[in-house]
Amino acid sequence: MAKVTLNSVTKRFGNVTAVQAIDLEIKDKEFIVLVGPSGCGKSTTLRMVAGLEEITDGNIHIGDTLVNDVPPKDRDIAMVFQNYALYPHMDVYNNMAFGLKLRKFPKSEIQRRVQEAAQLLGIENLLDRKPKALSGGQRQRVAVGRAIVREPKVFLMDEPLSNLDAKLRVQMRAELSKLHNRLQTTVIYVTHDQTEAMTMGDRIVVMKDGVIQQVGAPLEIYNNPNNVFVAGFIGSPAMNFIDVRLTSDDNGGYCVESKGGKMRLRIPKERESYFQDLGQYQDKEVTMGIRPEDIEDYAVAEEHRDEFAMDAMVEVTEPMGSEIYLFLVIEETTFIARVDSASKATDGSEQRVLFDMNKVQLFDRDTEETLRK
């Protein structure tokens, strides 16, 4: 296995910069996920590591080897594509064995590797079938198996689960994670699905417009986002953002207040220490971020603290079984609360809700960067 290092890697297509001077070190045996919206540069980055795209500037190392000018076949990597890329005229065995045959591996070694990979993936009974006779999940396993038999230094996976239905995606997420634990390989995984990123990655790389916004462990990024984009992209439903003014309270602390004054919530002293000096933002407009799961129905909450509560109008309720999504409105600002299923809230009613202000995020209105230390 090997680590992968990107130093100031840039990719331009004419006047368009797809990836802009990114620096990233992927550790040996790490499962790292590149995540972001379509067009953010994550697949281009992966293709540059694979050698399928030439880099415009910068350097890429796989292990200790500079691979800028090394052709894809000599980089000791294996790639799993979104569309599986199986040969339709070959059966599963020959699809998995094809790369090894090209490299003139002995027949006995090819058979050993294919059989071991098939057993690992639970597809031993499919080796004589053609791809058209397989389900989407089975085709994906074959594509992964074809990569495994190569025993490469690095696995590259480009949205490999996006063509599967929701239930199968959940199953395959777990299987790929287990596979990584067994094989102990370096994996670079690209997805636009933040749920995949949160559940699979040792670390997540959040990208936007060809620039890395934040790199960190899933919960670190979830709890401490660097900016409004990261905060809104990671988490489902997305974080709520409310325009507020930061004001002082009677005890020398701070409150966030909506434009019309209907919402006024105190920032607890213990949360104040999470942020840089808030005094410089006093009486200025900032953006408050609060996750839907950090807003409770006041009536069913275990703890009632009025300095963290407010009344809002319920636009829509969405029962989800174990919980209910409340789409709430205050002063023309819509936000979502993810509340206990015991809530009696109904469409069109006024509802008192409780904010967990120890989880609140604050962002600079102009730069959209976090105010945390």
Side-chain angles (χ1 to χ4, degrees), residues 35-37 194-195 197-198 201 203-208 211-249 253-259 262-296 301 303 305 307-310 312 323 325-339 353-373:
V35 66
Q194 54 89 26
T195 303
M198 287 290 292
R203 285 191 301 156
I204 300 174
V205 179
V206 184
M207 296 184 68
K208 178 191 177 191
V211 177
I212 292 177
Q213 303 293 309
Q214 189 168 356
V215 181
L219 286 179
E220 170 65 22
I221 288 180
Y222 184 81
N223 291 322
N224 304 297
N226 279 353
N227 53 41
V228 167
F229 174 79
V230 174
F233 192 82
I234 299 295
S236 181
M239 180 180 279
N240 299 297
F241 298 107
I242 303 172
D243 291 336
V244 295
R245 181 176 291 275
L246 189 67
T247 61
S248 59
D249 66 11
Y254 296 94
C255 293
V256 290
E257 193 171 331
S258 61
K259 190 175 181 180
K262 189 174 180 183
M263 181 185 81
R264 192 168 192 270
L265 301 169
R266 186 173 65 80
I267 298 175
K269 280 288 184 187
E270 54 268 34
R271 190 58 173 176
E272 271 186 45
S273 62
Y274 175 79
F275 300 108
Q276 56 185 279
D277 178 22
L278 290 179
Q280 61 184 306
Y281 287 92
Q282 187 170 326
D283 297 322
K284 293 182 179 178
E285 292 185 346
V286 297
T287 299
M288 181 180 88
I290 187 86
R291 294 203 179 276
E293 56 267 35
D294 296 327
I295 307 173
E296 294 183 87
E303 187 178 358
R305 298 183 66 178
E307 68 266 41
F308 304 141
M310 56 174 268
E323 57 196 11
Y325 292 174
L326 303 183
F327 289 78
L328 305 164
V329 180
I330 181 168
E331 295 176 8
E332 300 180 357
T333 297
T334 301
F335 58 99
I336 303 174
R338 191 170 161 181
V339 303
V353 289
L354 189 64
F355 284 62
D356 185 348
M357 295 300 287
N358 279 306
K359 301 284 184 65
V360 73
Q361 299 285 342
L362 296 175
F363 302 94
D364 186 289
R365 181 71 65 85
D366 297 322
T367 66
E368 297 191 345
E369 296 294 314
T370 179
L371 300 191
R372 79 169 187 273
K373 289 176 180 175

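We number each residue from 1, following the sequence as shown.
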Could you grab the distance from atom [atom1] of [X] to atom [atom2] of [Y], nearest 0.5 Å is fine?
| X | Y | atom1 | atom2 | result |
| --- | --- | --- | --- | --- |
| Leu265 | Asp249 | CG | CG | 12.0 Å |
| Glu272 | Tyr254 | CD | OH | 6.5 Å |
| Met263 | Ile330 | CE | CD1 | 6.0 Å |
| Met310 | Leu328 | CE | CG | 7.5 Å |
| Leu326 | Phe335 | CG | CZ | 9.5 Å |

Arg338 side chain vs Arg291 backbone, donor-acceptor pair below 3.5 Å:
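No.
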Taking Glu296 for its side chain and Ala337 for its backbone only, find out whether a donor-acceptor pair lies under 3.5 Å.
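Not confirmed, Glu296 side chain does not pair with Ala337 backbone.
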Using every non-hydrogen atom in the two residues, find where [X] and [Y] come nearest and quote the distance to one decimal.
| X | Y | result |
| --- | --- | --- |
| Gly201 | Pro218 | O-CG, 3.3 Å |
| Gln214 | Asn226 | OE1-N, 2.7 Å |
| Ile221 | Ile204 | CD1-O, 3.5 Å |
| Thr370 | Pro225 | CB-O, 3.6 Å |

Using salt bridge (charged side-chain N to carboxylate O under 4.0 Å, His left out) as the criterion, list what pairs up with [X], not counting sequence neighbours.
| X | value |
| --- | --- |
| Arg266 | Glu307 |
| Lys262 | none |
| Arg203 | Glu30 |
| Glu285 | Arg245, Arg365 |

Check step by step if side-chain contact (heavy atoms from CB on, under 4.5 Å) holds for Arg271 and Gln361.
CA-CA 9 Å; Arg271 190 58 173 176; Gln361 299 285 342; 3.4 Å; yes
All side-chain contact (heavy atoms from CB on, under 4.5 Å) counterparts of [X], not counting sequence neighbours:
| X | result |
| --- | --- |
| Ser273 | none |
| Gln280 | Gln276, Asp277 |
| Lys359 | Asp294, Asp356 |

Scan the side chains in residues 230-243 for donor-acceptor partners under 3.5 Å anywhere in the protein, sequence neighbours excluded, and list what turns up.
| residue | atom | partner | partner atom | Å |
| --- | --- | --- | --- | --- |
| Asn240 | OD1 | Ile336 | N | 2.7 |
| Asn240 | ND2 | Ile290 | O | 3.2 |
| Asn240 | ND2 | Ile336 | O | 2.8 |

Within the structure provided, determine whether Glu257 and Val244 are in side-chain contact (heavy-atom separation under 4.5 Å).
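No, too far: nothing below the 4.5 Å cut-off.
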Any non-hydrogen side-chain atom of Met357 less than 4.5 Å from a side-chain atom of Val256?
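The answer is yes, as the side chains (C-beta and beyond) meet within the 4.5 Å cut-off.
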Tell me every residue that passes side-chain hydrogen bond (donor to acceptor under 3.5 Å, both in side chains) with [X], counting only those two or more places apart in sequence or in another chain.
| X | value |
| --- | --- |
| Asn224 | Glu220, Tyr274 |
| Tyr281 | Asp364 |
| Glu331 | Ser258 |
| Gln213 | Asn227 |

Check the pair Met288 / Leu362 against side-chain contact (heavy atoms from CB on, under 4.5 Å), numbers first and verdict last.
CA-CA 5 Å; Met288 181 180 88; Leu362 296 175; 4.2 Å; yes
Test side-chain contact (heavy atoms from CB on, under 4.5 Å) on Lys284 and Leu246; report intermediate values, then the result.
CA-CA 6 Å; Lys284 293 182 179 178; Leu246 189 67; 6.0 Å; no
With side-chain contact (heavy atoms from CB on, under 4.5 Å) as the criterion, how do Thr247 and Asp283 come out once you've worked through the C-alpha distance, each side chain's angles and the decisive distance to 0.1 Å?
CA-CA 5 Å; Thr247 61; Asp283 297 322; 4.2 Å; yes
